[in-house]
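All values derive from a computational prediction rather than experimental measurement.
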Amino acid sequence: MIRRFFLTSTLVAATFLLGFPISGFSEILLRTPTENQIVSPVSPEFRSFLELKGEARRTKYSDLDYRKEMLPLVQPVPTSLIWECTSGEEGPFTVSVSETRDFSTPAAVLDVTPEDARESMRRDLVNFLIGRTYFWKVTGSLDGKKIESKIGSFQTDSRPPRLILVPKVGNVRDIGGWTGLEGRKVRQGMIYRSNGLNGNSPDRHDDKIEFAKKRPGPSRLTEQGLHVVNEMLCWKTELDLRGPGEVGSMSGSPAGSSVQWVNHPSSNYKSIYKGGAAEMTAKNFRIFLDPANYPIDIHCITGADRTGSLVFILNGVLGVDLDDLSRGWEISWYSPLNYKERFDPLVAGLDGFGKPDDSICKKIEAYLFAQGITPEEVAKFREIMLEPK
């Protein structure tokens with residue numbers, strides 16, 4: 001579990017400068033990842049769980065002791081970039097990572113190498129897109145002469161989830177990467193989900209204080225977290241699903257004025273099919289029809305129940321199958337989630353929409369249509385969020 005973070009001033013360009021005494025060296029050799037190696041943000045132990053099908057995975061998930069044991073492993077795993085010099089020198093070095101071989105598209109990745117490891121020839125990076133090829137190189141200098149390694153490349157595992165690290169904010173991940181309609185992938189970098197970016201109002205249980213006067217909870221975004229959210233993930237909209245007592249007198253996003261804060265008090269699980277809660281689902285859905293709102297972060301307080309219910313609707317109408325929808329819900333590992341009282345009623349509530357033998361996707365369509373969402377609006381959302389064939 002990563003506990004300390006180091007950010008360089010050039011982080012957004014994925015270029016990291018290590019300033020150590022110079023002595024001569026003849027060649028910089030890239031060691032890890034090896035050429036075309038596949039790396040993953042998901043730990044092997046958690047991947048083994050995710051690879052289980054249906055009932056087998058559900059049984060494991062219902063074992064609370066197993067979940068407690070696994071909790072530290074449900075975190076984004078860094079990719080370690082390691083190099084060496086033929087004469088054993090220590091630098092200084094610049095490490096560059098890009099999505100293109102000419103390094104014209106810098107990779108927006110986070111450096112999480114602990115400070116006590118900075119003198120090693122290694123950087124630990126997270127927040128890569130999944131299913132991509134990345135290029136990297138290391139540059140040094142000797143007597144004013146630039147010396148550069150060969151260009152290396154590695155691939156990121158194409159299997160979701162894309163787990164994200166935002167310092168001090170938990171349960172962050174991209175809802176993209178899953179397979180939807182016609183085998184098209186859900187786009188990454190568009191919709192994220194997370195814990196609340198700030199805590200609940202400390203006055204939320206005090207009935208003597210009106211909502212408009214309840215103090216907002218403290219921000220969870222550190223200086224590093226703000227950099228990740230604003231400069232790397234580039235969030236434009238924060239869709240906050242919490243109720244008035246939780247948000248109190250909030251009037252804007254903890255991420256700053258560049259992120260619009262939209263507060264839609266929402267329900268979860270079987271409640272989303274009832275009255276005003278169903279109407280709120282439609283109101284939430286329309287946030288995702290305006291391209292100017294993207295990238296969007298969705299959250300409640302833990303990012304599990306209300307957030308999980310809305311993501312179920314969004315990814316479900318994009319054609320993600322039920323087994324993968326349940327995987328996406330399960331990743332809120334630390335929450336006291338259980339199938340019988342939560343996810344099962346969410347799925348069963350769709351039986352009132354569409355035909356009995358309809359797919360989950362068709363039933364979610366029918367549910368949205370019943371709330372006034374049009375076929376054209378559903379088609380627009382799919383065009384925004386599904387990659388081309």
Side-chain angles (χ1 to χ4, degrees), residues 1-7 11-12 41 71-72 74-78 108-112 114-115 125-127 161-175 189 191-206 211 214-266 268 287 293 295-311 331-337:
M1 189 175 191
I2 300 167
R3 298 184 184 278
R4 291 190 292 168
F5 305 90
F6 168 72
L7 266 70
L11 178 62
V12 72
L71 180 57
V74 187
Q75 306 286 342
V77 176
V109 292
L110 175 63
D111 179 5
V112 293
E115 290 188 37
L125 309 178
V126 291
N127 296 353
R162 180 192 175 204
L163 301 177
I164 300 292
L165 181 62
V166 176
K168 305 298 182 182
V169 179
N171 201 18
V172 189
R173 57 192 187 273
D174 195 322
I175 81 162
I191 303 175
Y192 297 86
R193 55 182 295 180
S194 70
N195 281 173
L197 303 188
N198 69 314
N200 283 338
S201 169
D203 305 317
R204 65 189 181 279
H205 299 306
D206 191 335
F211 294 141
K214 290 180 186 288
R215 293 168 294 168
S219 175
R220 291 170 170 168
L221 289 170
T222 63
E223 181 180 354
Q224 296 98 327
L226 285 167
H227 186 79
V228 174
V229 164
N230 290 313
E231 304 299 328
M232 296 170 57
L233 303 179
C234 301
W235 290 352
K236 297 301 180 202
T237 303
E238 175 190 352
L239 178 54
D240 189 337
L241 307 181
R242 293 177 295 175
E246 294 169 291
V247 301
S249 59
M250 280 183 68
S251 59
S253 173
S257 60
S258 64
V259 178
Q260 67 165 328
W261 181 64
V262 179
N263 182 215
H264 286 175
S266 300
N268 56 43
I287 294 292
N293 289 335
I296 301 170
D297 179 53
I298 313 167
H299 70 80
C300 40
I301 187 59
T302 65
D305 301 302
R306 287 167 287 187
T307 302
S309 299
L310 179 56
V311 170
I331 296 168
S332 296
W333 198 262
Y334 57 85
S335 180
L337 303 178

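- Listed here is the closest heavy atom pair of Leu226 and Pro254: CD2-O, 3.6 Å.
- When all heavy atoms are compared, the tightest approach of Ser251 to Trp261 is C-CE3, 3.8 Å.
- Without hydrogens or angle criteria, Lys168 side chain to Gln224 main chain gives no donor-acceptor distance under 3.5 Å.
- For Asn127 (side chain) and Ala108 (main-chain N/O), no donor-acceptor pair under 3.5 Å exists by modelled atom type.
- For Arg215 (side chain) and Gly248 (main-chain N/O), no donor-acceptor pair under 3.5 Å exists by modelled atom type.
- Between Met250 atom CE and Phe211 atom CZ the span is 15.0 Å, to the nearest 0.5 Å.
- Across Gly225 and Pro167, no two heavy atoms sit closer than the pair CA-CD, 4.1 Å.
- Thr307 contributes atom OG1, which lies 11.0 Å from atom CD1 of Ile175 (distance to the nearest 0.5 angstrom).
- Between Leu197 and Asp297, the shortest heavy-atom distance links the atoms CD2-OD2, 4.0 Å.
- Under a 3.5 Å cut-off, the side chain of Asn171 and the backbone N or O of Gly303 do form a donor-acceptor pair.
- At distances below 3.5 Å, at least one donor-acceptor pair connects side-chain atoms of Asn263 with backbone N or O atoms of Arg242.
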* To do: For side chain to side chain contact (heavy atoms under 4.5 Å, CB included), just list the numbers for Leu337 and Ser332, CA-CA rounded to whole Å, side-chain angles, deciding distance to a tenth of an Å, and then say yes or no.
  => CA-CA 8 Å; Leu337 303 178; Ser332 296; 3.9 Å; yes

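- Between Ser219 and Asn198, the shortest heavy-atom distance links the atoms CA-CB, 3.7 Å.
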* Worked check of side chain to side chain contact (heavy atoms under 4.5 Å, CB included) between His299 and Leu239 -> CA-CA 6 Å; His299 70 80; Leu239 178 54; over 6 Å; no

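- Counting heavy atoms from C-beta outward, Leu221 and Val228 have side chains that stay 4.5 Å or more apart.
- Remark: side-chain polar atoms of Thr237 are paired, donor with acceptor, to backbone N or O of Asn293 under 3.5 angstrom.
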* Check against side chain to side chain contact (heavy atoms under 4.5 Å, CB included), Ile287 and His264 -> CA-CA 10 Å; Ile287 294 292; His264 286 175; 4.0 Å; yes

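- Between Asn200 atom CG and Cys300 atom SG the span is 9.5 Å, to the nearest 0.5 Å.
- Here the CZ-CD1 distance, from Arg193 to Ile164, works out to 13.0 Å after rounding to the nearest 0.5 Å.
- The closest donor-acceptor contact from the side chain of Asn195 to the backbone of Thr302 lies under 3.5 Å.
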* Step-by-step side chain to side chain contact (heavy atoms under 4.5 Å, CB included) determination, Leu110 to His227 -> CA-CA 10 Å; Leu110 175 63; His227 186 79; over 6 Å; no

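- Note that NZ of Lys214 and NE2 of His205 are 9.0 Å apart. Values are rounded to the nearest 0.5 Å.
- The backbone N or O of Pro72 sits nowhere less than 3.5 Å from a side-chain atom of Gln75 that would complete a donor-acceptor pair.
- Using a 4.5 Å cut-off on side-chain heavy atoms (C-beta onward), Ile301 and Arg306 make contact.
- Smallest separation of non-hydrogen atoms from Asn230 and Ser258: OD1-OG, 3.5 Å.
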